[in-house]
Visitor: 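Before we start, here is the structure in question, set down as structure tokens.
Throughout, a chain's letter reflects where its sequence line sits, starting with A, and its residues are numbered from 1.
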Amino acid sequence: MDKYEKVIDLAKRRGFLWNSFEIYGGIAGFYDYGPLGCLLKNNIINKFREEFLIKEGFYEIESPTIMPYEVLKASGHVDNFTDPIVECKNCLESFRADHLIEESINIDTEGLSLKKLDEIIKKENIRCPKCGGELGEVKRFNLMFVTNIGPGGKRTGYLRPETAQGIFILFKRLSQFFRNKLPFGVIQIGKSYRNEISPRQGVIRLREFTQAEIEYFVNPKEKRHEKFKNIEDEIVRLLPAENQINGLGEVEITLKEAVKKEIIKHEVIGYFIYKTKKFLIDIGIDEKKLRFRQHLPDEIAHYAIDCWDAEIYTERFGWIECVGIADRTDYDLKSHSLHSGEQLDIFVEGEEKEVECYEIELNYKIVGKIFKKDTKMIENYIKKLSEEDKENLINKLENEEKIILEIDGKKFEILKDYLKIKKVKKVIKGEKVIPHVIEPSFGIDRIIYCLLEHNFVEEEDRVYLNLKPYLAPIKVYVFPLVNRENMPEIAKNITKMLRENNIIAEYDDSGAIGRRYYRADEIGVPFCITVDGQTLKDNTVTVRERNTKKQERVKIENIIDYLKEKL
RNA sequence: GCGCCGGUGGUGUAGCCUGGUAUCACUCUGGCCUUCCAAGCCAGCGACCCGGGUUCAAAUCCCGGCCGGCGCACCA
């Protein structure tokens, strides 16, 4: 039995993780969180909120998990989140088109279009490897789950493949919420869906999984971070792209140096690498089993300029990607702006500059009488002119005494005295920019598995989960040492008192005391309270700490304070 | 999705080859006992992955599916 098996076995037996739909045979890629798993997951997510929402001043939003076609079209998922497949016309079996070609004629199909793949199959007369039948057209298999919105299936929807898009499309609302000041950070925590071809490795690769994503919007010209100097001496373990290419290993380096040497592109990414490390270590990931690996040039998304994965070491799977930290630039906002027609930018105050420009107003007394209803149209036209166009117009008017404006197919003759032209000096305080977005994206399910594995401790005579008290699903077990002399009643009352003080506690009086300790240890209960003979005399109980097994006598009336201090 | 291997109470298993409804241990539940780390005693709950075929009869043989493991592929 390897460690993975031991951990999953424990998780299943004790109610952390279960295969979904088990009584119907199960479906790969789906897992249920049982009672303890759910508590643990919520505790982790709350820690995430503490670290990013409270301490960083980010805010959380929650958007739908079903998204209309347009959103995913704009994000590129409809077109690019796909594999090319081809179906046999005879036996209806599906194959990866690119692989079929590579196998049959041994050429590289990287980057070829569907059409091209189709042509190759026709030209080379590639046939079904199973039955020899003719192959159909090459199609895309999209890894998104498709659904219909509303009756009649008129609108196509998809289950979101990432939570990020929900944030991007709220950009206008969000920038207003943050009073139009960069930088700002937005969090979304929730389910995402990918119809994986062959999900395996338990909870590591799921079709429905929980992401906690941050989109941190920054001025493209300002990728420094105000808190970087506080953390720049922190040493991190990095595996830069260059080292991977040259077969070199990891480096231990301060963030300051990594940014200075341009291993890490800029301070913001550096800062999030620090925050990610802090969060993971705070919840109990083993620091020795954590590293940050930079994406290689051929694996990084084309729109990203730097990307680092927090990788966590597991005994069975080796290093697995649990967090991705990417600078996605303005790709998403630009794309949504283009497709939606909304301006997704923000005004950034910059250096004060004095510029000369013209102000043009209509001389309404004259113009109004002449153009009547069309006046408004001319007014709008003039307002929208750029500085350059204004200058051209004014010059022309000077030279030719009149100009003809053509607006919406109508022609208007404008004379010099129709306009009031003023040359003014204006102070410009900034410009409109499309923010860049730095995205740390956490795979919560993977992190939970790694956390369980790293904190699964085997001793000669017991197994325990070394969960931090604040993360442990159940905080306290309460036992009567023996089931007589009122001890069960006292223990039950203590359990009740703990629960009334918001401490999750369980009562257990079955079997011998050792067995109860064992059961509690196995699910990571940090404290066990035992009511014994002495309790009857002086109202004290023993509090036993999970890892050390050491006991301390505490007065019942002080129990709540005692525990709250440690949780 | 391909190839190989596997699937029996909650867990680990015996039985499968050579067809006749299932072994043992642990866990779990209730009780007794027990004054601090899986003690003991009594009683109890609990399983042949699903579907089809062969057969008087299928956990057992055959086929398909599902799930799991490994290898390949995939992982924007």
Visitor: Check this for me: does any side-chain nitrogen of one of A:D532 and A:R553 sit under 4.0 Å from a carboxylate oxygen of the other?
Guide: yes

Visitor: Looking at A:E22 and B:C67, is any side-chain donor or acceptor paired with a base atom of the opposite kind under 3.5 Å?
Guide: no

Visitor: Taking atom P of B:U27 as reference, at what distance in whole Å does atom CZ of A:R462 sit?
Guide: 18 Å

Visitor: Scan every strand shown for a Watson-Crick or G-U wobble partner of B:G44, both distances under 3.5 Å, and answer none if you come up empty.
Guide: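 Its partner is B:C28 (Watson-Crick or G-U wobble, both distances under 3.5 Å).
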
Visitor: From C-beta outward on A:L481, which listed nucleotide comes closest to its side chain: B:U35, B:C67, B:U11?
Guide: B:U35

Visitor: Is any NZ, NE, NH1 or NH2 atom of the basic residue among A:E70 and A:R155 found under 4.0 Å from an Asp or Glu carboxylate oxygen of the other?
Guide: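 Salt bridge: yes.
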
Visitor: Could you tell me the Watson-Crick or G-U partner of B:A22, where both distances fall under 3.5 Å? Say none if there is no partner.
Guide: none

Visitor: Scan A:E485 against the nucleic acid and name what it touches under 4.0 Å (heavy atoms): base, sugar-phosphate only, or nothing.
Guide: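 Base, at least one base heavy atom under 4.0 Å.
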
Visitor: Given B:U35, B:C36, B:C37, which nucleotide is nearest the side-chain atoms of A:T530?
Guide: B:C36

Visitor: Verify the contact: side-chain N or O of A:R515 to OP1 or OP2 of B:U27, cut-off strictly under 4.0 Å; return yes or no.
Guide: yes

Visitor: If you check the A:N483 side chain, which of B:C33, B:G69, B:C36 turns out closest?
Guide: B:C33

Visitor: Do A:R516 and A:Y477 meet the cation-pi criteria used here (NZ or CZ under 6.0 Å from the six-membered ring centre, within 45° of the axis)?
Guide: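 No - A:R516 does not lie over the ring of A:Y477 by the 6.0 Å and 45° rule.
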
Visitor: Ignoring hydrogens and angles, are the base of B:C36 and the side chain of A:Y517 linked by a donor-acceptor pair under 3.5 Å?
Guide: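 Flag set: donor-acceptor pair detected.
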
Visitor: Once you apply a heavy-atom cut-off of 4.0 Å, does A:D521 come out as touching a base, just sugar-phosphate, or nothing?
Guide: nothing

Visitor: Under 3.5 Å, side chain of A:E552 to main-chain N/O of A:E545, donor-acceptor pair present?
Guide: no

Visitor: Does A:W319 have A:R293 sitting over its ring (NZ/CZ under 6.0 Å from centre, angle to axis within 45°)?
Guide: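 No, cation not above the ring by the 6.0 Å, 45° rule.
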
Visitor: Applying a 3.5 Å limit to both distances, which nucleotide forms a Watson-Crick or G-U wobble pair with B:G3?
Guide: B:C70

Visitor: Over all strands shown, is A:G26 touching base, sugar-phosphate only, or nothing at heavy-atom distances under 4.0 angstrom?
Guide: sugar-phosphate

Visitor: With a 3.5 angstrom cut-off on both distances, give the Watson-Crick or G-U wobble partner of B:C33, or none if there isn't one.
Guide: none

Visitor: Can you check the A:Y507 OH to B:U29 C1' distance for me, whole Å?
Guide: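 So the OH-C1' distance, A:Y507 to B:U29, works out to 15 Å.
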
Visitor: Are A:E311 and A:R291 within salt-bridge range, i.e. N to O under 4.0 Å?
Guide: yes

Visitor: Given B:C36, B:C37, B:C67, which nucleotide is nearest the side-chain atoms of A:R544?
Guide: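 Among B:C36, B:C37, B:C67, the one nearest the side chain of A:R544 is B:C37.
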
Visitor: Could you report the tightest heavy-atom contact between A:Q211 and A:P161, atom names first, then the distance?
Guide: OE1-O, 4.5 Å

Visitor: Is it true that A:R328 and A:E213 have a side-chain N and a carboxylate O under 4.0 angstrom from each other?
Guide: no

Visitor: Is there a side-chain contact between A:R516 and the phosphate of B:C36, meaning an N or O under 4.0 Å from OP1 or OP2?
Guide: no

Visitor: If a protein heavy atom is under 4.0 Å from the base, mark B; if only from the sugar-phosphate, S; if neither, -; do that for nucleotides 70-76 of chain B going 5' to 3'.
Guide: BBBSBBB

Visitor: What's the closest nucleotide to the A:A28 side chain, out of B:G68, B:C37, B:U11?
Guide: B:G68

